[in-house]
Amino acid sequence: MKTIIPSLAILIPVILISCQSKDDFNVVQGNFKIVERKLTAALQELGNSARNPRSLDKDGSPVLVQSWDWTSGFFPGCLWYMYEYSGAEKWRKAAHKFTMNVEPEKSNDTTHDMGFKMFCSFGNGYRLSGNLAYKDILLQSAKTLVTRFNPIVGCIRSWNHHEQVWQFPVIIDNMMNLELLFWATKISGDSSFYNVAVRHAETTLKNHFRKDNSSWHVLDYDTTNGAVLNRHTHQGTGHQSAWARGQAWGLYGFTMCYRETRKKLFLEHARKIADYILHHPNLPEDMVPYWDFDAPHIPDEPRDVSAAAIICSALYELSLHLEKQGKPYKIAADRILATLSTPAYLAGDNDNSKFLLMHAVGNMPDSVEVDVPVIYADYYFLEANIRKMKIDRGDYWLTMGGSNAVEFE
Ligand code: GLY
């Protein structure tokens, strides 16, 4: 296997560590001590498993998934973040093994979840190790994903299921899959990936948001003329509600789209979503949202720690893009991270099996994964820790590879 030595990612921490305040450093350092123990225990339990962990079932047994599951890339992504933090070869090896479990997905054209699966696993792997085999797999994945784009609608189709309900469903979560396409254009020089990503984001911005800047979950499009047929929910409490994780996906997605395009419209929109979330009267004092901002029995509703982790990670990046105006968003991200780092949410060695964060909600209307750990909460929590560490010591753009947006029209 041909690898490239991780560039500045490993060296700069040593140089810049003194720029960091002691308290900030302690939060991230303390969290990674727990992460190291949890991931070590997870690897022992998993052995040579060809399946990756997703959650715990009702009796506390681990739920392991095959590569086709939308969450299959998050566990290898967690291992890559552990490698990024530690620089230790044993974590690269472990990350590689569980990343390769996901490889078959590169040609799975039956879903939009390609970015979740491949960019969190192979994408981080390529960024940190330079393994050229990962690059080919990622490019194949991007080619597969764009086959789901419909130019009349201007979007990538999300689901194939529920054909009797929706003609061409597009869910807000789909914004997260665009990062793979931006990467594919940068690496290949083929602007068609970029153009699909921008068109999808523009269509989503136009149709998916209400006047108050909250988003619907599922939009159904007419494939003959691109008209919106219905604005629905699938995982929220109602068609007019603000499903918490959906708001988080939108915030993260438009922040990332601004990074990759420098189109001001995307940045302004990300900020509006952030303001909707942060000023919402139903956002609890500790900033971990209820599973839906409009859940009917607030405050007696489960929280969704996965939404909090995604929002936290997104706010760190948003704060950088907004420069001087970004300070309140950095403060908010720090507050969320501090909350998530307390025993109320971050499990000790003997709780929550091998998962980090407690109290997530997967799909409340179907009573699936309610108040359990989910691997994507852990993934975005780790990403938020890494982002905080890099912002506080001043080397975020040097090590994230995110400042090199290229314009393709
Ligand atoms: N993309 C699936 C979810 O957020 O539940």
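Quick note: residue numbers are just sequence positions, from 1. Quick caveat, the model's predicted, so the values are computed rather than measured.
Judged as a side chain to side chain donor-acceptor pair (under 3.5 Å), and not counting sequence neighbours, Arg51 has no contacts. In terms of the side chain to side chain donor-acceptor pair (under 3.5 Å) criterion, residue partners of Thr71 (sequence neighbours excluded) are, by chain and number, Asp69. In this view, Arg199 satisfies the side chain to side chain donor-acceptor pair (under 3.5 Å) rule with no residue, not counting sequence neighbours.
If you check the side chains of Tyr81 and Tyr379, you find a donor sitting under 3.5 Å from an acceptor. Side-chain contact annotation: Ser241 with Asp292, donor-acceptor N/O pair under 3.5 Å present.
Looking at Tyr126 and Trp183, their side chains come closer than 4.5 Å, going by heavy atoms from C-beta outward. Within the 4.5 Å cutoff, no side-chain heavy atoms of Thr111 are placed close to those of Trp68. In this structure, the side chains of Val28 and Tyr85 come closer than 4.5 Å at one or more pairs of heavy atoms. Side-chain contact between Leu337 and Tyr316: present, with at least one pair of heavy atoms (C-beta onward) separated by less than 4.5 Å. Trp243 has its side chain out of reach of Ser215: every pair of non-hydrogen atoms, C-beta onward, lies at least 4.5 Å apart. Put simply, the side chain of Pro53 reaches to within 4.5 Å of the side chain of Leu46, judged on heavy atoms. Between Tyr290 and Val361, the closest side-chain pair of non-hydrogen atoms is not below 4.5 Å. By the 4.5 Å heavy-atom criterion applied to side chains, Leu139 and Ser188 are counted as neighbours.
For residues 134-146, the set of pairs meeting the salt bridge (Lys or Arg N to Asp or Glu O under 4.0 Å) definition, not counting sequence neighbours, is empty. Listed by first then second residue, pairs satisfying salt bridge (Lys or Arg N to Asp or Glu O under 4.0 Å) with a partner in residues 202-217 number zero, not counting sequence neighbours. For residues 105-126, the pairs satisfying salt bridge (Lys or Arg N to Asp or Glu O under 4.0 Å) are Glu103-Lys106, Glu105-Lys117, with sequence neighbours left out.
Here the two rings, on His208 and His217, have centers that are 6.0 Å apart or farther.
Ion pairing of Lys390 with Glu84 is present here, as a side-chain N (NZ or NE/NH1/NH2) and a carboxylate O approach within less than 4.0 Å.
Side chain of Arg157 to backbone of Thr147: no donor-acceptor contact under 3.5 angstrom is found.
Aromatic ring orientation, Phe74 versus Trp70: perpendicular (interplanar angle above 60°, classes split at 30° and 60°).
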